[in-house]
Amino acid sequence: ALATGSPYGLAGVVTDPNVTVLYDTAVDVSSNSYLYMVRLGLDNCILELGSDSIASILLTEDPQSDSTLMDLTWTPYWGWSPLPYKLELSPFDENNWQEVASSNSITYTYEKPNVSGKYKLKVTTDDPASSMKSESNWLVFDVVIFDVTPPNIFSPNGDGHNDRFNIVNMLQHPKSRLRIYNRWGRKVFESEDYKNDWTGDGVSDGVYFYVLDLNDGTAQKGHVTVVR
């Protein structure tokens with residue numbers, strides 16, 4: 001039997017005592033969490049035996065999540081001691097599920113992959129005493145990674161225009177490392193998570209060389225001219 005509240009409604013009837021699986025295809029698991037229980041009714045018997053209730057997992061994302069992070073929440077699972085919950089990811093057109101994170105809470109901020117593509121994400125929990133597993137609905141999302149484009153000149157003169165070493169699409173590549181060197185090879189700036197915030201402070205006008213290590217393992221090298 002199932003219900004989103006009480007009382008329970010009938011989900012199906014199994015008359016074969018050897019059958020222990022019932023598929024319920026009449027529910028919308030992307031919109032609701034459901035409670036299930038099994039009742040054993042015997043002919044000519046007033047007493048009915050009922051199992052404990054279990055609850056399905058409903059996974060949702062905060063609509064205010066940004067382009068790289070997903071603020072996730074899911075309903076707690078009832079049935080066995082579920083901790084920890086596991087987040088599993090797969091390419092959309094495959095069923096190659098890989099665990100990408102775990103949580104003892106029912107909330108998690110997930111960082112999307114840094115490779116373009118369409119993905120599906122779910123939350124699962126395993127019964128430590130058996131091989132049973134419960135999983136949530138899927139969240140489907142796209143990742144579009146744009147190439148970064150460093151400028152070859154900027155003018156940090158305080159006029160509010162072109163005052164920073166502003167790399168186009170840089171913020172779509174979080175945790176990317178930037179190093180700036182002068183013509184003698186001395187490092188004048190370094191950031192382990194560059195956010196377009198180098199203003200050329202402490203350096204004179206001239207040509208500088210950069211090494212940009214992106215979070216996907218690739219690197220770009222080039223030069224930029226500082227002109228005030």
Side-chain angles (χ1 to χ4, degrees), residues 1-42 48-145:
L2 72 88
T4 54
S6 181
Y8 285 83
L10 184 64
V13 176
V14 176
T15 58
D16 186 343
N18 296 313
V19 174
T20 59
V21 176
L22 173 68
Y23 292 98
D24 183 12
T25 60
V27 293
D28 182 7
V29 295
S30 296
S31 301
N32 296 289
S33 175
Y34 295 87
L35 294 175
Y36 287 86
M37 68 176 298
V38 175
R39 284 180 177 163
L40 176 62
L42 302 177
E48 285 189 332
L49 302 178
S51 71
D52 292 335
S53 296
I54 63 172
S56 61
I57 305 172
L58 176 63
L59 173 64
T60 58
E61 177 190 5
D62 187 336
Q64 301 301 317
S65 298
D66 65 24
S67 60
T68 60
L69 300 176
M70 301 175 71
D71 293 320
L72 304 173
T73 303
W74 54 90
T75 56
Y77 178 73
W78 296 0
W80 55 69
S81 299
L83 301 179
Y85 296 99
K86 300 175 183 177
L87 273 71
E88 298 184 16
L89 181 75
S90 172
F92 179 75
D93 56 356
E94 303 176 16
N95 280 314
N96 183 24
W97 293 99
Q98 302 291 327
E99 182 180 343
V100 293
S102 64
S103 175
N104 289 335
S105 174
I106 58 170
T107 61
Y108 190 83
T109 299
Y110 172 66
E111 184 174 331
K112 294 179 181 179
N114 55 20
V115 177
S116 294
K118 190 171 188 177
Y119 297 89
K120 51 192 177 185
L121 183 72
K122 65 182 179 182
V123 170
T124 68
T125 178
D126 299 317
D127 181 6
S130 71
S131 60
M132 297 179 65
K133 181 176 183 178
S134 182
E135 64 179 58
S136 73
N137 54 303
W138 299 348
L139 293 184
V140 177
F141 61 92
D142 294 300
V143 174
V144 180
I145 302 296

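Sequence positions, counted from 1, serve as the residue numbers for this chain. Everything numeric in this text was worked out from a predicted model, so none of it was measured.
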How far apart are the closest heavy atoms of Leu58 and Val29, and which atoms are they? CD1-O, 3.3 Å
Check: Tyr85 and Ser134 side chains under 4.5 Å, non-hydrogen atoms: no
Nearest heavy-atom approach of Ile57 to Asn137 is O-OD1, 3.6 Å
Write out all pairs satisfying salt bridge (Lys or Arg N to Asp or Glu O under 4.0 Å) with one or both partners inside residues 128-137, taking only residues at least two apart or from two chains. Glu88-Lys133, Lys122-Glu135
Under the side chain to side chain contact (heavy atoms under 4.5 Å, CB included) criterion, do Val38 and Val14 qualify, and how do the steps go? CA-CA 10 Å; Val38 175; Val14 176; over 6 Å; no
For the atom pair CG (Leu87) and CG (Leu59), what is the distance rounded to the nearest 0.5 Å? 7.0 Å
Walk me through whether Asp24 and Tyr34 qualify under side-chain hydrogen bond (donor to acceptor under 3.5 Å, both in side chains). CA-CA 11 Å; Asp24 183 12; Tyr34 295 87; over 6 Å; no
Please round to the nearest 0.5 Å and tell me the distance separating atom OG of Ser136 and atom CG of Leu121. 7.5 Å
Using every non-hydrogen atom in the two residues, find where Leu89 and Pro113 come nearest and quote the distance to one decimal. CD2-CG, 3.7 Å
Separation of Ser30 OG from Trp138 CH2 (nearest 0.5 Å): 10.0 Å
Counterpart residues, ring-ring contact (aromatic ring centres under 6.0 Å, His included), relative to Tyr110 (two or more places apart): none
So which atom in Ala55 and which in Pro76 form the shortest heavy-atom distance, rounded to 0.1 Å? CB-O, 4.2 Å
Find out whether Val140 and Lys118 are in side-chain contact, i.e. whether some heavy atom of one side chain is under 4.5 Å from a heavy atom of the other. yes
For the backbone of Thr73 and the side chain of Thr60, can you confirm whether one donor and one acceptor N or O come within less than 3.5 Å of each other? yes
List the atom of Met70, the atom of Lys112, and the distance in Å for their closest heavy-atom pair. CG-CE, 3.4 Å
Can you measure from NZ (Lys86) to CG (Asp126) and round to the nearest 0.5 angstrom? 4.0 Å
Kindly compute the distance separating CG (Asn104) from CD1 (Ile106), expressed to the nearest 0.5 Å. 12.0 Å
List the atom of Thr75, the atom of Ser56, and the distance in Å for their closest heavy-atom pair. OG1-O, 3.4 Å
CH2-OG1 distance between Trp74 and Thr107, expressed to the nearest 0.5 angstrom: 6.5 Å
Intermediate values then yes/no, side chain to side chain contact (heavy atoms under 4.5 Å, CB included), Glu111 and Val100: CA-CA 10 Å; Glu111 184 174 331; Val100 293; over 6 Å; no
